[in-house]
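The shown structure was predicted, so the numbers you read here are calculated from the model rather than taken from an experiment. The chains referred to below are lettered A, B, ... by the order of the sequence lines, with proteins before strands, and numbering in each begins at 1. As a basis for the values below, the full set of heavy atoms in this structure was taken, side chains included, without hydrogen atoms, waters or symmetry mates.
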Amino acid sequence: MLKYNPSEIEKKWQRYWETKKFYDTKDSVEGKKNYMLLTEFAYPSGNLHIGHWYAFSLPDIRARYLRMKGYNVMYPTGFDAFGLPAENAAIKNNIHPEVWTKKNITYMTKQLKSMGATFDWSRMVSTMDPDYYQWTQWMFLKFYEKGLAYRALTSVNWCPKDKTVLANEQAEGGKCDRCGTEVMQKELSQWMFKITQFADDLVDGLKDLDWQETAKLGQINWIGRSEGAEISFPLTKKHKVLIIHGYTGSPDENKYPWIKNKLEELGYEVDIPRLPNTNNPDQNEQVNYVLKNYKIDENTILFGHSLGAVVALKVLEKVGKPIAKLVLGAMAMDPGATDSRLKNDPRPNWRNFSWDFDFEKIKKLTYEVVVLSDLKERKRIFFMKYLSEKLSARLIEGHSVKEHFTGPTEPMILNNLINSIKVFTTRPDTIFGATFLVVSPEMAQKWINTHGDLAPPEVKKYVQDSLKKTELQRQENREKTGVDTRAKAINPATGKEIPIWVADYVLGHYGTGAIMAVPSHDERDRAFAEKFSLPISDAPLRDKSEIMKLLKDKGVGMPHKTYRLHDWILSRQRYWGVPIPMINCKTCGYQPVPEKELPIKLPPLKDFKPADDGRSPLAKAEKWLKVKCPKCGNDAERETDTMDTFVDSSWYFMRYTDPKNKKEFASKKNMANWLPVPMYSGGAEHTTMHLLYSRFIAKALHSLGYVDFNEPFLSRMNRGIILGPDNQKMSKSRGNVIDPDVEVKKYGADAVRMYLAFMGPYEQGGPWSPGGINGVYRFLNRIWYLVSGISYNKDKNGGNSNEYRDLDIAIHKAIKNIGDDIEKLAFNTCVSELMKLLNAFEQAARDGYKIQNTKYKILLLLLAPFAPHLAEELWQTVLKNKKSIHLESWPEYNQEMLSEEKIKLVVQVNGRLRDTLDVKRGISENEAKELALKSENVKKHIEGGVKKVIYVKDRIINLVVGIDLTK
RNA sequence: GCCGCUGUGGUGGAAUUGGCAGACACGUACGACUCAAAAUCGUAUGGCCUCACGGCCAUGUCGGUUCGACCCCGACCAGCGGCACCA
């Protein structure tokens, strides 16, 4: 008898399966349902670790099982090939990232093949392949077209060591997640994806997904939706409001008298110039009229409505001095661009209005710009968005407003005219206890930018100092700091005047960047109030909806949602990534690369180290860099930043469905064959990154009509982590690393796979136990000897089915339980079942039964997904089957076999076990009672007399004695 | 601080979801084989009392609901994870 030699048989069968292309998946197969089993593809770090085995070999059990159940199963894999570690390793070893990465891919492919998994290598994708990243670039362009990708100046996480920007998700706890260096805040212009546009959908969409609760909650926490209200606290400083009416308008027109009246009630001074020639306006004439007759300074709030907004912008541009606030309501559009009504307007002066503004200049002249959209015409909304982007303005979309703001009362305008500090709160019901306001240093800085002269020096100093600090430094010091701005606001609920402070415990990037402080209800506010002796009010709570109604009626508060989630900053100042397909032209600004020029290939570069000025190494690729502007044809430069690799990896599963497509990232038809992914397993560390990004990309593509699904992953299993034998995280320094190659050499791939399956629940992981894998290895040996020890044609006497009944029952139970448990991904209990089944076989053999060939076959079929090599070897070599075991069907179980005729009935007295009876299945309560009462041990315990009998058929009979049931 | 998860033998873990707690393994002890060891096979293995039949205790702690609770409810303790000066 030959010994079980895994390394020999495993190589043999791996070659056999590969040559026969067993696992190259067809797009569809007649009569079979498609099933894509997705696991996160690997980063080509250079070596497979035990975690990879856990990630890939366990889902493979399910893949093999589903194949046997008749599915057309795709089990794809690939490589997430771009990224920082490749570049760092490359720099360290003085080898090109591409060479390094390709070498790793080759080596890891070999390692992956040693698992004996059913990977479909014909569909392998690698994100560094231009055929792949051309579509990553294409998606960027499509997103750019629709405003889902944009460039903006933001405060970003900057790693001084890696010299690159990091997403919030990559800078958790204020440390770079690659190198651990403390992250700094830096103001940079970056490309971003508008993931916040889908924030609600990303939260609400989870409801219908079959994901682990922990994964769902992780995302919900990360998105951090808070529902509350945005409330305006008017400043006590009385401003002058200058209202510029629109085309054919006048100070007497609809809402103006009402607004004027209301503002004056609040103590504002209001001017509404009666503009000359309102029915046939001339821009210069109107602008000059305003400039001549009205004083405009830092106390002025300027409001322009419709065509008046155009006048207002020109007025401000000409004044050239800061004003308090600029409000543009329902602004008329550039006639050349969109509005045919204007274009065809017969009045020549109208058309001669200039829409050419120096937006940068205007931005610097205002502390705050608000754009009010009337939300009635789509073109107009588009223009309002454009305008608010140009001016970095708050865009307020009107709800239930009169068309073009022509109602006799317009609270939305009034509310936004008042110069106020807006706060976000989840507790509007505490507003009566709000005794001061606190603004963040970021918000204060904006105000200082335009009104620097007015700010007290200690405020300037405090703001400067705190903005220098990193996020981490600001959070380290929990002791409250802050200064009084000396400005005052009115609490709109109490009407009382309250101070405004600036303090760094208020964050600039959350909510409005300012809070109403309620020391009586908020610990932080209390600590602050106590430290600086600010008033604390014990005003009682009010009913939330009552408060909201009050604030709404006053026009100072609206329900509002805020998110912790920020837009996805995807620019990376790095070489080893996908170039962002944009061109920067001095005259035309950023222009998209024409689609037909894709892919923009990463230029070969010898020196790919990041520059000290923070510019991407791509800036050194001079030939590549210099291009013509696609719009004006003048000299221009390519964008030198590359994309965050999470962009690459957020759509790779779509490519699996159509990996060779040259015309699309994947055809809708092919995607329909496989997507959305029914089952995705991977690491819990990706909950708030990869999984969230992928969901966003899918939703964005869906909204643009390129994919038919809105959620990419219907179910998700986060797998656990394999720890070292010492129950600690594996690490070289601890010396507790288990090398899968070593284990495979010692015990074989089958044993490694099966032990990983056996060690515990998949979502839990656990410590690697050398004894544990040895136990599994022993089990495989026992199978080997059991099956290869049989001799044929000796089962002639085995026809007596009664003799085989115990074994048959064990077999049928195993078929059912293993199938059920694989479906549940409860691999550990599957292995237990297989062990029990082997015990039953061995018991039968020990009892002298001759075991039929067909029974061994079932044993091997059940084993096949778990130990595919051993099962194949015994199936073909020992049992002499011509066809591979992996082309066989999963065996059927016989329901009758599962319900044994004889069962053990548990007899309890007062719920305590007193005896077990061997009885026939299905006996009646009376029969059971009679039998139970005969039991000697039961008799001893029922002396008080049986008061009540609980009978659960085929399970238990419980005799209740001496308990007063009337109580 | 908020949210969530988990507590079962010496160890990893089972338990048909309210019906025999500890399946299946690891480990340990003893035995068989062996000159011996390893490997393999067999027996035992939650604790306490008992020669035994059997009994009592036992699923983090305390209490409750129930004929009956690892499972449901309440309070607490411990560990892990996510978020965190997020208003």
Response to the item:
Syn within 90° of 0, anti beyond: B/G9 is syn

Discussion item. Any strand counts, and the cut-off is 3.5 Å on both contacts for Watson-Crick or G-U wobble. Which nucleotide pairs with B/G74?
Written reply: B/C62

Practice prompt. Could you check whether A/Asn839 gets within reach of a base, just the sugar-phosphate, or nothing at all, counting any heavy atom under 4.0 Å?
Written response: sugar-phosphate

Practice prompt. Describe the nucleic acid contact of A/Leu217 in one word from base, sugar-phosphate, nothing, applying a heavy-atom distance below 4.0 Å.
Written response: sugar-phosphate

Worksheet item: Which part of the nucleic acid, if any, lies within reach of A/Phe779 when heavy atoms closer than 4.0 Å are counted: base, sugar-phosphate only, or nothing?
Response: nothing

Worksheet entry | Sugar-phosphate only, base, or nothing, as touched by A/Pro767 at under 4.0 Å among non-hydrogen atoms | nothing

Practice prompt. Give one of base, sugar-phosphate or nothing for A/Gly766, where a contact means two heavy atoms less than 4.0 Å apart.
Written response: nothing

Worksheet item: B/U8 and B/C56: how far apart are their P atoms, nearest whole angstrom?
Response: 26 Å

Worksheet item: Hey, is B/U45 sitting syn or anti, using the within-90° cutoff around 0?
Response: anti

Discussion item. Using atom C1' in both nucleotides, what's the gap between B/G63 and B/G81 to the nearest angstrom?
Written reply: 29 Å

Discussion item. Any donor-acceptor pair, under 3.5 Å, between the side chain of A/Asn958 and the base of B/C67, if you only look at N and O atoms?
Written reply: yes

Worksheet item: Of A/Thr426 and A/Gly760, whose closest RNA chain B nucleotide lies nearer the 5' terminus?
Response: A/Gly760

Discussion item. Is any side-chain heavy atom of A/Ser420 closer than 4.5 Å to one of A/Val556?
Written reply: no

Discussion item. Suppose we define a pair by two distances each less than 3.5 Å, Watson-Crick or G-U wobble; what does B/G81 pair with here?
Written reply: B/C3

Fill in: Under-4.0 Å side-chain N/O to phosphate OP1/OP2 contact, A/Arg564 with B/A87
no

Worksheet entry | Under-4.0 Å side-chain N/O to phosphate OP1/OP2 contact, A/Arg778 with B/G27 | yes

Worksheet item: Would you say B/C24 has OP1 or OP2 under 4.0 Å from some side-chain N or O of A/Asn828?
Response: no

Fill in: For B/C67, the Watson-Crick or wobble counterpart (both distances under 3.5 Å)
B/G19

Item to complete: Just call it for A/Arg225: base, sugar-phosphate, or nothing, with non-hydrogen atoms closer than 4.0 Å on any strand.
Response: nothing

Practice prompt. On RNA chain B, check which nucleotide each of A/Gln764 and A/Thr425 is closest to and give me the residue with the more 5' one.
Written response: A/Gln764

Discussion item. Tell me which nucleotide, if any, is Watson-Crick or G-U wobble paired with B/G46 when both distances must be under 3.5 Å.
Written reply: B/C57

Worksheet item: Does any N or O donor sit under 3.5 Å from an N or O acceptor when you compare the side chain of A/Glu523 with the base of B/G1?
Response: no

Practice prompt. With heavy atoms under 4.0 Å as the rule, sort A/Asn774 into base, sugar-phosphate or nothing.
Written response: nothing

Worksheet item: Just checking A/Val438: base, sugar-phosphate only, or nothing, at a heavy-atom cut-off of under 4.0 Å?
Response: nothing

